[in-house]
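As the structure is a computational prediction, the values presented were derived from the model and not from experiment. Letters A, B, ... are given to chains in the order of the sequence lines, protein chains preceding strands, and every chain is numbered from 1.
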Number of protein chains: 2
Amino acid sequence: MISQTEENYLKALFALTSTKGEASVNELSKMLDIKMPTVNGMMKRLSEKDFVIYESYKPLKLTEKGRKEASLIIRKHRLTEMYLVEKMGFGWEEVHDIAEQIEHIQSPAFFAKMDEILGFPEVDPHGSPIPDENGKVIVKDFDRLSDCESGDVVKFMAVKPSSEELLKFLNSRELVLGAVITIQSVELFDKSMSVNYAHREMEVLSNMVCEKLLVEHVAK
Amino acid sequence: MISQTEENYLKALFALTSTKGEASVNELSKMLDIKMPTVNGMMKRLSEKDFVIYESYKPLKLTEKGRKEASLIIRKHRLTEMYLVEKMGFGWEEVHDIAEQIEHIQSPAFFAKMDEILGFPEVDPHGSPIPDENGKVIVKDFDRLSDCESGDVVKFMAVKPSSEELLKFLNSRELVLGAVITIQSVELFDKSMSVNYAHREMEVLSNMVCEKLLVEHVAK
DNA sequence: CAATATTGTTAGATTGTACTAATAATTTGT
DNA sequence: ACAAATTATTAGTACAATCTAACAATATTG
Ligand SMILES: [Mn+2]
Ligand SMILES: [Mn+2]
Ligand SMILES: [Mn+2]
Ligand SMILES: [Mn+2]
């Protein structure tokens with residue numbers, strides 16, 4: 001009924017619309033690396049199938065049906081990533097591309113089994129929440145580490161969707177989810193931070209990195 | 001480079017040609033449930049790509065390249081089935097349809113990990129051999145239980161590719177791979193067998209069932 | 001606010017994978 | 001050996017998913 005291609009469009013549109021509630025054909029086109037006329041046509045098709053609200057020259061929106069469909073694909077993606085890391089021994093930087101394919105497998109039993117084996121996890125290996133069977137997601141709004149101040153003590157909760165390189169960088173610094181980070185100082189000119197966590201002291205993190213790390217305040 | 005569709009054609013052709021070395025467009029068409037003109041066209045395309053030897057009105061053959069490609073897909077299929085049964089707790093009757101999809105995942109690392117976790121298995125849950133990384137398969141030619149005689153003691157080694165229903169039937173009789181079966185008697189008119197195995201005595205197996213069970217002689 | 005840049009849409013072409021209908025070649029059966 | 005049945009092929013259609021080129025609408029900016 002719904003093709004792999006259509007699923008990828010829905011997922012991308014879901015990501016783009018999750019902040020403002022709407023997105024442009026142009027943004028979708030760039031995100032998917034597919035030319036605008038193709039995207040435009042697909043949006044018409046998906047609106048025909050009642051997944052998308054499409055009106056000429058207006059921003060794109062997902063219908064409730066579209067949001068649910070997208071959430072369920074994301075659920076499969078994140079369950080898969082968690083399974084690959086927890087049960088198969090992959091690193092968190094290796095799993096995205098595999099999950100990008102496995103998320104399209106049609107087998108409720110397969111994902112139900114994963115979920116069960118994992119003990120019904122709430123987040124994926126990057127700290128992103130796993131939508132439930134009905135497509136509902138509990139969105140926690142964490143702070144970016146880059147918005148914290150000297151002296152803050154925070155817990156590293158999630159990485160913003162980003163490159164494999166960032167994840168490898170974090171590996172090299174032994175900076176893992178759950179780490180409690182104390183901000184020692186913030187440079188004025190480049191906003192880089194010196195932080196302590198675990199057994200590491202005065203690690204320097206660039207602002208580019210800090211913007212990708214989502215944290216929760218722990219104590220004063 | 002090679003599509004999911006093309007992979008399914010190759011795999012089907014591999015299965016059909018594994019006995020005689022060749023197959024007809026008609027047979028392939030029936031196996032895949034795709035009309036003959038479509039199959040014919042695809043065979044031309046696959047011969048263009050050097051996977052198939054196609055000549056008008058001649059039987060179809062796989063090239064060496066085609067055989068290898070098919071074997072590697074079958075390798076992924078069977079590794080997946082084994083993983084699903086051994087590591088995820090699925091029944092052997094549940095895994096084929098899932099493997100039919102997962103066999104198309106493009107990720108050598110994913111299947112290498114499966115292989116490693118499983119301890120480099122040589123057969124799938126139905127007793128079919130798993131081709132190695134180079135596409136080589138060790139084919140053992142077992143006997144069909146239906147070809148055995150009263151008094152024979154045999155070991156149940158594999159099930160011929162068949163319906164989910166047969167597998168469920170075997171479940172219901174607790175007849176599992178590795179079971180040592182003693183043939184008590186064979187009915188003359190319908191070739192049904194009365195057999196003993198494990199704690200079961202005088203179980204009656206129809207000829208249709210016996211033709212699907214592959215066995216190895218154990219003792220006189 | 002008019003010129004320019006950007007974004008969105010339409011039209012038309014291409015490729016992959018399917019189909020049906022018509023025709024041709026091969027095989028089978030009497 | 002010929003007629004009939006089966007199998008294979010060709011031709012033409014359709015739809016999904018992509019593209020480029022041309023044009024239209026909207027947004028930006030001097
Ligand atoms: Mn991911
Ligand atoms: Mn995907
Ligand atoms: Mn199978
Ligand atoms: Mn398949």
Side-chain angles (χ1 to χ4, degrees), chain A residues 1-17 19-62 66 69-70 73 100-101 103-104 106, chain B residues 1-17 19-62 66 69-70 73 100-101 103-104 106:
Chain A
M1 200 61 251
I2 180 166
S3 73
Q4 196 153 317
T5 305
E6 290 171 327
E7 290 191 341
N8 284 332
Y9 276 91
L10 281 183
K11 208 158 59 93
L13 188 51
F14 184 90
L16 284 175
T17 55
T19 38
K20 298 182 224 305
E22 47 187 56
S24 68
V25 172
N26 193 242
E27 290 169 306
L28 238 194
S29 168
K30 281 171 182 156
M31 161 158 295
L32 292 168
D33 194 25
I34 289 172
K35 296 288 177 292
M36 282 179 50
T38 307
V39 173
N40 201 65
M42 183 58 90
M43 289 306 103
K44 285 178 172 181
R45 231 144 74 50
L46 289 176
S47 98
E48 210 55 49
K49 295 188 178 184
D50 200 35
F51 288 115
V52 166
I53 295 164
Y54 175 88
E55 288 178 278
S56 278
Y57 298 104
K58 296 256 179 73
L60 302 166
K61 292 176 196 176
L62 281 172
E69 195 69 29
I73 302 160
E100 201 56 54
Q101 298 178 66
E103 70 190 0
H104 304 291
Q106 308 283 243
Chain B
M1 197 64 250
I2 180 165
S3 73
Q4 195 154 319
T5 305
E6 289 170 326
E7 289 191 341
N8 284 332
Y9 276 92
L10 281 183
K11 207 158 57 93
L13 187 52
F14 183 91
L16 283 176
T17 55
T19 37
K20 299 181 223 305
E22 45 185 57
S24 68
V25 172
N26 194 243
E27 289 168 307
L28 239 194
S29 168
K30 280 170 183 158
M31 161 159 295
L32 291 167
D33 196 24
I34 289 173
K35 295 291 178 292
M36 283 179 50
T38 306
V39 172
N40 201 66
M42 182 57 91
M43 289 306 102
K44 285 179 172 179
R45 242 152 70 58
L46 289 175
S47 100
E48 210 54 49
K49 296 188 178 184
D50 199 34
F51 289 114
V52 166
I53 297 165
Y54 174 89
E55 288 178 278
S56 278
Y57 298 103
K58 296 257 179 72
L60 303 166
K61 291 175 196 176
L62 280 172
E69 195 68 29
I73 303 159
E100 202 56 54
Q101 299 178 66
E103 69 191 0
H104 305 291
Q106 306 285 258

I'd like a table of atom pairs between the protein and nucleotides 23-29 of chain D - only N or O on both sides, under 3.5 Å - with the distance next to each one.
residue : atom : partner : partner atom : Å
dA25(D) : O4'  : Y57(A)  : OH           : 3.3

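As judged by a 4.0 angstrom heavy-atom cut-off over every strand, T38(A) is placed among the base-contacting residues. K44(A) comes within 4.0 angstrom of the backbone, heavy atoms only, and of no base. Among the atoms of the strands shown, none is found under 4.0 Å from any heavy atom of S29(B).
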**salt bridge (Lys or Arg N to Asp or Glu O under 4.0 Å) between E6(B) and K49(B), worked out** = CA-CA 11 Å; E6(B) 289 170 326; K49(B) 296 188 178 184; 2.7 Å; yes

**Evaluation steps, side-chain hydrogen bond (donor to acceptor under 3.5 Å, both in side chains), between E7(B) and H104(B)** = CA-CA 8 Å; E7(B) 289 191 341; H104(B) 305 291; 2.6 Å; yes

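In this structure, P37(B) and K30(B) both approach DNA chain D, and ranking their closest nucleotides by distance from the 5' end singles out K30(B).
In this structure the side chain of L60(A) never reaches within 4.5 angstrom of the side chain of L16(A), judged on heavy atoms. Using a 4.5 Å heavy-atom threshold, the side chains of L46(B) and M42(B) count as touching. Using a 4.5 Å cut-off on side-chain heavy atoms (C-beta onward), F14(B) and L10(B) make no contact.
Atom pair K49(A):NZ and dC15(D):C1' shows a separation of 11 Å (rounding to whole Å applied). For the pair M36(B) CE and dA25(C) P, the interatomic distance rounds to 15 Å; values are reported in whole Å. When the C1' atom of dC19(C) is taken as reference, atom CD1 of I34(B) falls 11 Å away, rounded to whole Å. What separates CD of E27(A) from C1' of dT7(C) is a distance of 11 Å, to the nearest Å. Residue E48(A) contributes atom CD, which lies 15 Å from atom C1' of dC15(D) at whole-angstrom precision. Atom pair N26(B):CG and dA5(D):C1' shows a separation of 12 Å (rounding to whole Å applied). For the pair N8(B) CG and dA18(C) C1', the interatomic distance rounds to 14 Å; values are reported in whole Å. In this structure, K35(B) places its NZ atom 17 Å from C1' of dG12(D), rounding to the nearest Å.
A salt bridge links K11(A) with E100(A): the distance from a Lys NZ or Arg NE/NH1/NH2 to an Asp or Glu carboxylate oxygen falls below 4.0 Å.
With hydrogens and angles ignored, the 3.5 Å screen pairs a side-chain donor or acceptor of T17(A) with a backbone N or O of L13(A).
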